[in-house]
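Notes follow once the structure below has been shown.
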Amino acid sequence: LTPARVGADLKFTYTLLTGPGELGARLDSSLRREARKGQRPVVGDWVGYRESQGDAVIVALLERTSKFSRKAAFESREQVLAANADTVFLIMSLVEDFNLRRLERYLAAGQASGATPVVVLTKADLDYPRERLEAVKDVAQGVRVEVVSNTTGAGLDALADLLTPGRTVALLGSSGAGKSTLVNRLLGADALATQELRANGQGRHTTSSRQLIPLPGGALVIDTPGLRELAVWEAASADTFPDIEALALECRFSDCRHDREPGCAVKQAVSDGTLLPARLAAFKALEQETSVRERRR
Ligand SMILES: Nc1nc2c(ncn2[C@@H]2O[C@H](COP(=O)(O)OP(=O)(O)OP(=O)(O)O)[C@@H](O)[C@H]2O)c(=O)[nH]1
Ligand SMILES: [Mg+2]
Ligand SMILES: [Zn+2]
C-alpha cells in the first residue's frame with residue numbers, strides 16, 4: 001500500500017496528498033461499509049491506497065493521533081471535522097460575533113481533541129472594546145491566546161513556532177472569523193475564497209468544504225467551513241473549567257452538582273462574585289449535554 005494524507009473529502013470521493021502531487025481516490029467496499037456506519041476518512045487522515053486500472057482506491061484508514069469532533073446535526077453520533085492536527089486554532093473575531101460562551105464550547109472540544117488548542121483572536125486592526133482581551137483570558141484558562149490581524153499581518157509572527165515543517169494546524173471557528181483569510185496570509189496568496197460579512201455582522205459561510213493545505217514553509221493547515229453552532233461531542237471539562245473543578249474540591253459533598261446542596265463552594269463563589277453565573281451555567285450545560293450523550297451510547 002502507498003501512504004497518503006487526505007487533502008479533501010467530498011463525501012465519497014477524496015483528494016489524497018501524495019507528496020509530489022494530488023490524486024483523486026475512492027473508498028474500497030469495506031471502507032464504504034464502515035462509512036455508512038459513521039466511521040470514514042476525513043481531512044487530515046492518513047490512509048493506505050492502491051492503484052488499480054488507473055484508479056486510486058483507499059483500502060486502509062490509519063489510527064488517529066487527534067480528532068476534533070462535534071455532534072452531528074440532528075443525530076446522536078460523532079462527526080470528526082479534522083484528524084491528526086497537532087494544534088487547533090480556535091478562531092474568533094474581536095469585532096463581530098464575539099461570544100465567550102461559544103469560545104468555551106470550542107475550548108472544551110479542542111481540549112478533548114488530543115491536539116493543543118490555541119485561541120487566535122482576529123481583526124485586531126479594527127476598533128473593538130479592549131476589555132474583550134481580558135475576558136478571553138479569563139475563559140481560556142491555561143490556554144495560549146494570540147491576537148492577530150490578517151489584514152496587516154500584526155501578531156502572525158507569534159504563530160511561527162506552531163507552523164514548523166510537518167506540523168498540522170486545524171482552523172476552527174464561526175463563519176466570518178477570518179479562517180480562510182489567515183490561510184491566504186500564511187500562503188502569501190489569495191488561494192482561498194473569502195467574503196465580507198453582511199451589515200448585521202453575520203458571516204456568509206464562504207468556505208463550503210474542509211481542506212488540508214500545505215504551506216510553503218512545510219507546515220500544513222486545515223481550513224474548515226464556519227459552524228452555525230458547535231454541538232460538543234466530547235468535552236474535557238476539567239481542562240476547560242479548572243476554576244470550577246478547583247472550587248468543587250471544597251464542596252461538602254464529593255458528588256455535589258452545585259445546585260441546591262448545602263456547603264457548595266461553587267455556589268458560594270457565585271454569590272461572592274468571584275465566579276460568573278454565566279460561566280457556571282456554561283459548565284453545567286456542557287456536563288449535561290455530554291452526559292445525555294453518554295447515556296444514549
Ligand atoms: N480587518 C480585518 N478583516 C479581516 C481579518 N480577517 C478576516 N477579515 C475579513 O473578514 C471577512 C471574512 O473572512 P473569511 O476569511 O472569509 O472568514 P472565514 O472564517 O473563512 O469564514 P467561513 O469560510 O464562512 O467560515 C473577510 O471580508 C475578510 O477580509 C482581519 O484580521 N482584519
Ligand atoms: Mg472560509
Ligand atoms: Zn458544589
Side-chain angles (χ1 to χ4, degrees), residues 8 43 70 81-82 88-99 102-103 106 119-128 132 146-159 169-187 189-213 221-230 237 241 243-272 274-275 277 279-281 283-284 287:
V43 168
R70 68 161 167 178
L81 299 180
V88 286
F89 284 180
L90 309 177
I91 305 212
M92 185 162 79
S93 164
L94 283 162
V95 183
E96 321 90 357
D97 219 10
F98 179 90
N99 185 324
R102 190 183 58 231
L103 179 62
Y106 276 91
V119 175
V120 178
L121 301 172
T122 58
K123 313 200 186 186
D125 54 291
L126 300 177
D127 275 334
Y128 62 90
R132 288 187 169 178
E146 299 291 352
V147 178
V148 306
S149 166
N150 297 319
T151 309
T152 66
L156 294 178
D157 286 349
L159 306 177
V169 177
L171 276 50
L172 280 307
S174 307
S175 188
K179 299 177 295 297
S180 302
T181 311
L182 175 59
V183 177
N184 284 340
R185 184 89 201 186
L186 297 172
L187 273 171
D190 281 343
L192 301 181
T194 61
Q195 199 177 187
E196 268 174 50
L197 275 64
R198 286 189 292 262
N200 63 6
Q202 296 276 296
R204 286 168 171 263
H205 296 279
T206 307
T207 303
S208 58
S209 66
R210 295 179 279 279
Q211 200 183 339
L212 177 70
I213 302 143
V221 288
I222 298 175
D223 190 21
T224 66
L227 305 173
R228 233 170 276 275
E229 61 160 289
L230 177 63
S237 52
F241 299 96
D243 47 351
I244 295 177
E245 291 292 326
L247 286 166
L249 294 175
E250 308 299 323
C251 292
R252 184 175 306 162
F253 302 110
S254 62
D255 62 348
C256 183
R257 299 174 59 210
H258 324 309
D259 197 13
R260 281 161 200 275
E261 291 88 346
C264 173
V266 175
K267 291 296 262 191
Q268 187 60 47
V270 172
S271 31
D272 293 348
T274 51
L275 178 67
R279 188 158 165 88
L280 177 57
F283 170 82
K284 286 185 175 177
E287 296 264 286

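All values below come from the heavy atoms of this structure, side chains included, with hydrogens, waters and symmetry mates left out. For ligands, and for the atoms within them, numbers begin at 1 and follow the listed sequence.
The option with the heavy atom closest to atom 17 (O) of ligand 1, from among Gly178, Ala154, Ser175, is Gly178.
Interface of Ser180 with ligand 1, defined as ligand atoms under 4.0 Å from a residue heavy atom, comprises 15 (O), 20 (O). Within ligand 1, the atoms closer than 4.0 Å to a non-hydrogen atom of Ser149 are 31 (O), numbered from 1 in the order shown. Of all atoms in ligand 1, listed by their number and element, those nearer than 4.0 Å to a heavy atom of Thr181 are 7 (C), 13 (O), 14 (P), 15 (O), 28 (C). Close contacts between ligand 1 and Ser174 involve ligand atoms 19 (O) [criterion: under 4.0 Å to a heavy atom]. The ligand atoms of ligand 1 that sit less than 4.0 angstrom from a heavy atom of Pro225 are 25 (O).
Between the side chain of Lys179 and the backbone N or O of Gly173, at least one donor-acceptor pair lies under 3.5 Å. With Arg210 contributing its side chain and Pro225 its backbone, the two residues share no donor-acceptor pair below 3.5 Å. Listed for the Arg102 side chain is a donor-acceptor partner under 3.5 Å among the backbone atoms of Asp97.
Contacts of Leu126 with ligand 1, taken as heavy-atom pairs under 4.0 Å, involve the side chain alone. Contacts with ligand 1 closer than 4.0 Å are made by no heavy atom of Ser93, backbone or side chain. In Ala124, neither the side chain nor the backbone holds a heavy atom less than 4.0 Å from any atom of ligand 1. Contacts with ligand 1 closer than 4.0 Å are made by side-chain heavy atoms of Asp125 only, the backbone lying farther away.
Backbone and side-chain nitrogen or oxygen atoms of Asp223 are examined, and none is located within less than 3.5 angstrom of a nitrogen or oxygen of ligand 1. Every N/O-N/O distance between Val148 and ligand 1 stays at or above 3.5 Å.
Distances shorter than 4.0 angstrom do not occur between any heavy atom of Ser208 and any atom of ligand 1.
Of all non-hydrogen atoms in Ala248 and His258, the two that sit nearest each other are CB-CE1, 3.7 Å.
Put simply, CG on Leu186 and CG on Leu156 are 6.5 Å apart, with the number rounded to the nearest 0.5 Å. Here CG of Leu159 is found 4.5 Å from CZ of Phe89. Values are rounded to the nearest 0.5 Å.
Taking the six-membered ring for Trp and thresholds of 30 and 60 degrees, Phe283 and Phe241 have ring planes more than 60 degrees apart, a perpendicular arrangement.
Side-chain N/O atoms of Thr122 and Asn150 include no donor and acceptor closer than 3.5 Å. Judged by distance alone, the side chains of Asp125 and Ser149 do bring a donor and an acceptor atom under 3.5 Å apart.
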Verify side-chain contact (heavy atoms from CB on, under 4.5 Å) between Phe98 and Arg132, making sure each step is shown before the conclusion.
-> CA-CA 9 Å; Phe98 179 90; Arg132 288 187 169 178; 3.4 Å; yes
Give the C-alpha distance, both sets of side-chain angles, the deciding distance and a yes or no for side-chain contact (heavy atoms from CB on, under 4.5 Å) between Leu227 and Leu81.
-> CA-CA 11 Å; Leu227 305 173; Leu81 299 180; 3.9 Å; yes
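Of all protein N, O or S atoms, those under 2.8 Å from the Mg ion (ligand 2) number 2.
A salt bridge between Glu261 and Lys267 is absent, with no side-chain N of the basic residue lying under 4.0 Å from a carboxylate O of the acidic one.
Surrounding CG of Asp272 are more than 12 heavy atoms belonging to other residues, nucleotides or ligands, all under 6.0 Å away.
For the Zn ion (ligand 3), the neighbouring protein N/O/S atoms at less than 2.8 Å, given as residue and atom, are Cys251 SG, Cys256 SG, His258 ND1, Cys264 SG.
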